[in-house]
Amino acid sequence: MAKAPKKNETVPADHILHRLYETVLSRRGTDPSLSHSARLMARGRNKVAQKFGEEAVECLIEAVNGNRKELVSESADVLYHLIVMLVDCGVTLDEVWSELLRREGTSGIVEKASRSPKKLDSK
Ligand SMILES: N=c1c2ncn([C@@H]3O[C@H](COP(=O)(O)OP(=O)(O)OP(=O)(O)O)[C@@H](O)[C@H]3O)c2ncn1[C@@H]1O[C@H](COP(=O)(O)O)[C@@H](O)[C@H]1O
């Protein structure tokens with residue numbers, strides 16, 4: 001049986017997402033004719049973000065259409081393009097894992113209820 005992760009555990013450094021992050025990081029500023037990641041980042045942050053958005057939309061289309069196999073493939077595209085966007089923005093995966101760990105165990109319903117109520121328009 002798989003061991004339950006401890007509260008302070010982050011994702012192992014040899015995890016596929018970390019390896020992918022390190023690969024994309026190593027491509028930054030390299031020859032765009034040899035690397036898709038380099039080519040994408042060379043086109044600027046707007047393009048990087050746009051590609052992530054497009055892949056996310058393609059992913060949700062497969063989800064709503066119930067295309068399981070395509071959903072798996074598009075999900076991989078989304079994760080790859082998310083990583084390119086994080087690398088381009090200088091955000092590390094550990095920062096994202098830390099945020100997930102911070103949220104762990106707090107129900108979204110409880111968290112939403114704890115937010116301060118929006119100020120009502122005085123007009
Ligand atoms: N996981 C991926 C991955 N997923 C998707 N893609 C590429 O993303 C591209 C998406 O194609 P699109 O036509 O949508 O994108 P585009 O060519 O930018 O098109 P336009 O916006 O110009 O129309 C395809 O070329 C895919 O091969 C990926 N390219 C690379 N990786 C990983 O990144 C690593 C490094 O790749 P390079 O940077 O190419 O060395 C690889 O070893 C893989 O592990």
Side-chain angles (χ1 to χ4, degrees):
M1 204 170 80
K3 210 176 71 174
K6 292 194 199 96
K7 187 80 183 169
N8 61 354
E9 256 177 33
T10 56
V11 176
D14 65 350
H15 190 281
I16 178 66
L17 290 178
H18 276 287
R19 293 203 306 273
L20 182 55
Y21 186 98
E22 290 302 319
T23 301
V24 172
L25 187 62
S26 75
R27 299 294 196 263
R28 198 164 54 176
T30 63
D31 186 346
S33 69
L34 301 177
S35 155
H36 179 74
S37 316
R39 178 175 173 270
L40 189 50
M41 288 185 277
R43 295 170 83 186
R45 184 155 305 158
N46 287 0
K47 188 68 188 176
V48 168
Q50 181 194 325
K51 286 303 296 180
F52 170 72
E54 286 174 11
E55 299 298 344
V57 171
E58 285 168 18
C59 190
L60 73 85
I61 289 169
E62 302 304 350
V64 296
N65 287 335
N67 298 330
R68 199 174 191 284
K69 190 163 167 276
E70 291 76 9
L71 176 58
V72 170
S73 176
E74 292 297 342
S75 296
D77 282 350
V78 167
L79 289 174
Y80 165 70
H81 285 89
L82 174 61
I83 283 179
V84 174
M85 191 165 67
L86 293 175
V87 166
D88 191 66
C89 292
V91 173
T92 67
L93 282 184
D94 281 339
E95 289 177 83
V96 179
W97 304 152
S98 296
E99 178 60 15
L100 287 172
L101 284 168
R102 189 188 66 75
R103 296 178 186 189
E104 195 175 25
T106 304
S107 158
I109 303 289
V110 172
E111 184 278 328
K112 194 166 185 177
S114 72
R115 288 185 212 164
S116 54
K118 286 196 178 98
K119 281 185 187 152
L120 293 173
D121 199 335
S122 55
K123 275 186 256 172

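Along the sequence shown, residues carry numbers from 1. In listed order, ligands and their atoms are each counted from 1. Keep in mind that the numbers below use all heavy atoms, side chains included, and drop hydrogens, waters and symmetry copies. In this text, all values refer to a predicted model and were calculated from it rather than measured experimentally.
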**Student:** At what distance, to the nearest 0.5 angstrom, does OG1 of Thr23 lie from CD1 of Ile83?
**Tutor:** 9.0 Å

**Student:** Rounded to the nearest 0.5 Å, what separates atom OG in Ser107 from atom NZ in Lys112?
**Tutor:** 11.5 Å

**Student:** Just grab all the side chain to side chain donor-acceptor pair (under 3.5 Å) pairs involving residues 69-87, residues at least two apart or on different chains.
**Tutor:** Ser37-Tyr80

**Student:** Check the pair Asp31, Ser33 against side-chain hydrogen bond (donor to acceptor under 3.5 Å, both in side chains), reporting the backbone distance first and the verdict last.
**Tutor:** CA-CA 5 Å; Asp31 186 346; Ser33 69; 2.8 Å; yes

**Student:** Start with the C-alpha gap between Arg102 and Glu99, add the side-chain angles, then the distance that decides, and say whether salt bridge (charged side-chain N to carboxylate O under 4.0 Å, His left out) holds.
**Tutor:** CA-CA 5 Å; Arg102 189 188 66 75; Glu99 178 60 15; 2.7 Å; yes

**Student:** Tell me if the CG atom of Leu100 is crowded by more than 12 foreign heavy atoms within 6.0 Å.
**Tutor:** yes

**Student:** Once you restrict both partners to nitrogen or oxygen, which atoms of ligand 1 have a protein partner under 3.5 Å, and how far apart are they?
**Tutor:**
{"from": "ligand 1", "atom 1": "8 (O)", "to": "His36", "atom 2": "NE2", "distance (Å)": "3.1"}
{"from": "ligand 1", "atom 1": "14 (O)", "to": "Lys51", "atom 2": "NZ", "distance (Å)": "2.8"}
{"from": "ligand 1", "atom 1": "15 (O)", "to": "Lys51", "atom 2": "NZ", "distance (Å)": "3.1"}
{"from": "ligand 1", "atom 1": "21 (O)", "to": "Lys47", "atom 2": "NZ", "distance (Å)": "3.4"}
{"from": "ligand 1", "atom 1": "21 (O)", "to": "Lys51", "atom 2": "NZ", "distance (Å)": "3.4"}
{"from": "ligand 1", "atom 1": "22 (O)", "to": "Arg43", "atom 2": "NH1", "distance (Å)": "3.1"}
{"from": "ligand 1", "atom 1": "22 (O)", "to": "Arg43", "atom 2": "NH2", "distance (Å)": "3.4"}
{"from": "ligand 1", "atom 1": "38 (O)", "to": "Ser35", "atom 2": "OG", "distance (Å)": "2.6"}
{"from": "ligand 1", "atom 1": "38 (O)", "to": "His36", "atom 2": "N", "distance (Å)": "3.4"}
{"from": "ligand 1", "atom 1": "38 (O)", "to": "Ser37", "atom 2": "N", "distance (Å)": "2.9"}
{"from": "ligand 1", "atom 1": "38 (O)", "to": "Ser37", "atom 2": "OG", "distance (Å)": "2.5"}
{"from": "ligand 1", "atom 1": "39 (O)", "to": "His36", "atom 2": "N", "distance (Å)": "2.7"}
{"from": "ligand 1", "atom 1": "40 (O)", "to": "Arg27", "atom 2": "NE", "distance (Å)": "2.8"}
{"from": "ligand 1", "atom 1": "40 (O)", "to": "Arg27", "atom 2": "NH2", "distance (Å)": "3.3"}

